[in-house]
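Working notes for the structure below.
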There are 2 protein chains.
Amino acid sequence: MLRVSRLTDYATVVMTCIAAHPTDVLSTAQIADETHLELPTVSKLLKALSHATLVESFRGVNGGYRLARPASEISLAEIVEALEGPIGMTECSAADGQCDRESQCGVRGSWQRVNSVLDNALRAVSLAEMLKPAQPGRKIAVTVRTGEATTE
Amino acid sequence: MLRVSRLTDYATVVMTCIAAHPTDVLSTAQIADETHLELPTVSKLLKALSHATLVESFRGVNGGYRLARPASEISLAEIVEALEGPIGMTECSAADGQCDRESQCGVRGSWQRVNSVLDNALRAVSLAEMLKPAQPGRKIAVTVRTGEATTE
DNA sequence: TTGAATCGGGACTAAAATGGTACTGATTTG
DNA sequence: CAAATCAGTACCATTTTAGTCCCGATTCAA
C-alpha cells in the first residue's frame, strides 16, 4: 500500500480537534461528535495517543483529554509512531538474517536512505501547522543529493 | 503500517537481479533461482513490471526478461508505482467529499506535503545505485523548510 | 455514601488485503 | 509438431485491519 493506516489518518484528525481547543478538556464523546468518527474508534485512538504521552487524560466526571504539550512541539512523526510503531518502509530494515543474499543486496541500504527522508519529513510537520487550513504557497522544500559519497 | 508491501520489496530485488546482467535475457526460473524467491511469485512480479514497461519480455524458447531502459534511468518510485499504484499516504488525498469536515481539515494539506517529499526521495534513487552494495558515506541529504510561505 | 460519568485495558468479530498457488492459453524456436 | 516460456485469470489460506463490546477503575457531585 505505502499508506498510513486509516486509524493513523483518523488520529491526526483527532489531534487537530483537540489542538483546536487548547484550554478545554474534551471528552471522548465531544471529540467523536466534532470529528464525525465513531465513539469506540475515537476511544481506541485516544488510548494509543495517551500511551505515547501525546495527550493527557483525566478520569471521572468532566474528565477527558488535553494535549500533553503545546501543539507546536508535537510532530506528525510522533502521531504516526504512536499508532504504527517505529517508522520503516521495509521489513528487513529491522531484522537481519532472514534473507540469504544480504551480502549482494544493495537494496536494503537504499530503502534505509528513503526511510530517513520520510522520517525527516514527518518530523518537520508540527500539529500547530496542521491546524491551519490549506496554505497554497506553504510547502516543504527538499534537496536530494545522491551523486557523491559524503561522510556527513 | 507505513510499509511498502513485501511484494514491492521483492520487486526491487528482482529488478536489481536483472540489472546485474545488463546484456542477458533472463528467464523467470533463472531470476527465481538467483533471488531465492518462489517462481510463481517472481512470475507475478515480472508481469507487473512488464506492464509498467520497466522490463521487456520475450516469449518462446530462450525467452525471458531484460530491462526496458538503462538502470540509471529507472527510479525506485517507478518500481513502487508498478506494484502499488500511485504513491499516496492517505486515502482522502485522492478522493474528495467522503469527509464532512473538509473545510476545517488542514490535515489533508499536511499529508500531501509529506507525500511529495516521499515521492521526491523515491524518485531520486535509481536502480543503478541500488545495485551497488552498501556505501556507508552515501546518503540523501534533505533540507526541510516549513517556516515561511513561499510561492515556489 | 451512593451513583453517574468517564477513562483504561483487553477480548472479540467481520472484513479486507496480502501472499502464494494452480490452471489454461498464446507465442516462439527448432 | 513439440517443447519451452510468457500471459492471464481464478482461487485459497493467512494475516492484518477496522471496528465493537464489555467490565473494572477512577473521579466528581449530590
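Lettering of chains follows the sequences in order, A, B, ..., and the numbering in each one begins at 1.
Atoms CG (A/L7) and C1' (C/dA17) sit 15 Å apart, rounded to a whole Å. The CG-C1' distance, from A/L46 to D/dG19, rounds to 15 Å in whole Å. Here the C1' atom of nucleotide D/dG19 and the CG atom of A/L83 are 14 Å apart, to the nearest Å. Protein atom CG of B/L26 is 19 Å distant from nucleotide atom P of D/dA4, rounded to whole Å. As a whole-Å value, the separation of A/Q30 CD from C/dC7 P is 9 Å. Between the P atom of C/dA5 and the CD1 atom of A/I31 lies a distance of 18 Å, rounded to the nearest Å. Taking atom CG on B/L39 and atom P on D/dA7, their separation rounds to 13 Å, with Å as the unit. Remark: C1' of D/dA7 and NE2 of B/H51 are 10 Å apart, rounded to the nearest angstrom.
Among pairs with a residue in residues 46-61 of chain B, those fulfilling salt bridge (charged side-chain N to carboxylate O under 4.0 Å, His left out) read B/E56-B/R66, at least two apart in sequence or across chains.
Around NE2 of A/H21, the count of heavy atoms belonging to other residues, nucleotides or ligands within 6.0 Å exceeds 12.
With C/dG19, D/dT20, C/dT21 as the choices, the nucleotide that has an atom nearest any side-chain atom of A/T41 turns out to be D/dT20. Closest to the side chain of B/K44, out of C/dG19, C/dC7, D/dT20, is C/dG19.
Remark: the A/S110 side chain and the A/R113 side chain contain an N/O donor-acceptor pair separated by less than 3.5 Å.
Note: B/R3 CZ to B/T8 OG1 = 13.0 Å, rounded to the nearest 0.5 Å. Atom CG of A/L7 is separated from atom OG1 of A/T41 by 7.0 Å, given to the nearest 0.5 angstrom.
Judged by closest nucleotide on DNA chain D, B/S50 is the one of B/S50 and A/S43 placed further toward the 5' end.
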- Query: Does the side chain to side chain contact (heavy atoms under 4.5 Å, CB included) test come out yes or no for A/V25 and A/N62, once each step is laid out?
  - Reply: CA-CA 8 Å; A/V25 171; A/N62 298 325; over 6 Å; no
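Contact annotation: A/S27 does not reach the phosphate of C/dA5 (side-chain N/O to OP1 or OP2, under 4.0 Å). For C/dG19, neither phosphate oxygen OP1 nor OP2 lies less than 4.0 angstrom from any side-chain nitrogen or oxygen of B/Y10. An OP1 or OP2 oxygen of D/dT15 is reached within less than 4.0 angstrom by no side-chain nitrogen or oxygen of B/R6.
A salt bridge is defined here as a Lys NZ or Arg NE, NH1 or NH2 lying under 4.0 Å from an Asp or Glu carboxylate O, and B/R123 with B/E81 meets this definition.
Of all the residues in residues 53-64 of chain B, B/R59, B/G60, B/V61 reach under 4.0 Å from DNA chain C with at least one non-hydrogen atom.
A donor-acceptor contact under 3.5 Å links the side chain of A/K47 to the base of C/dG9.
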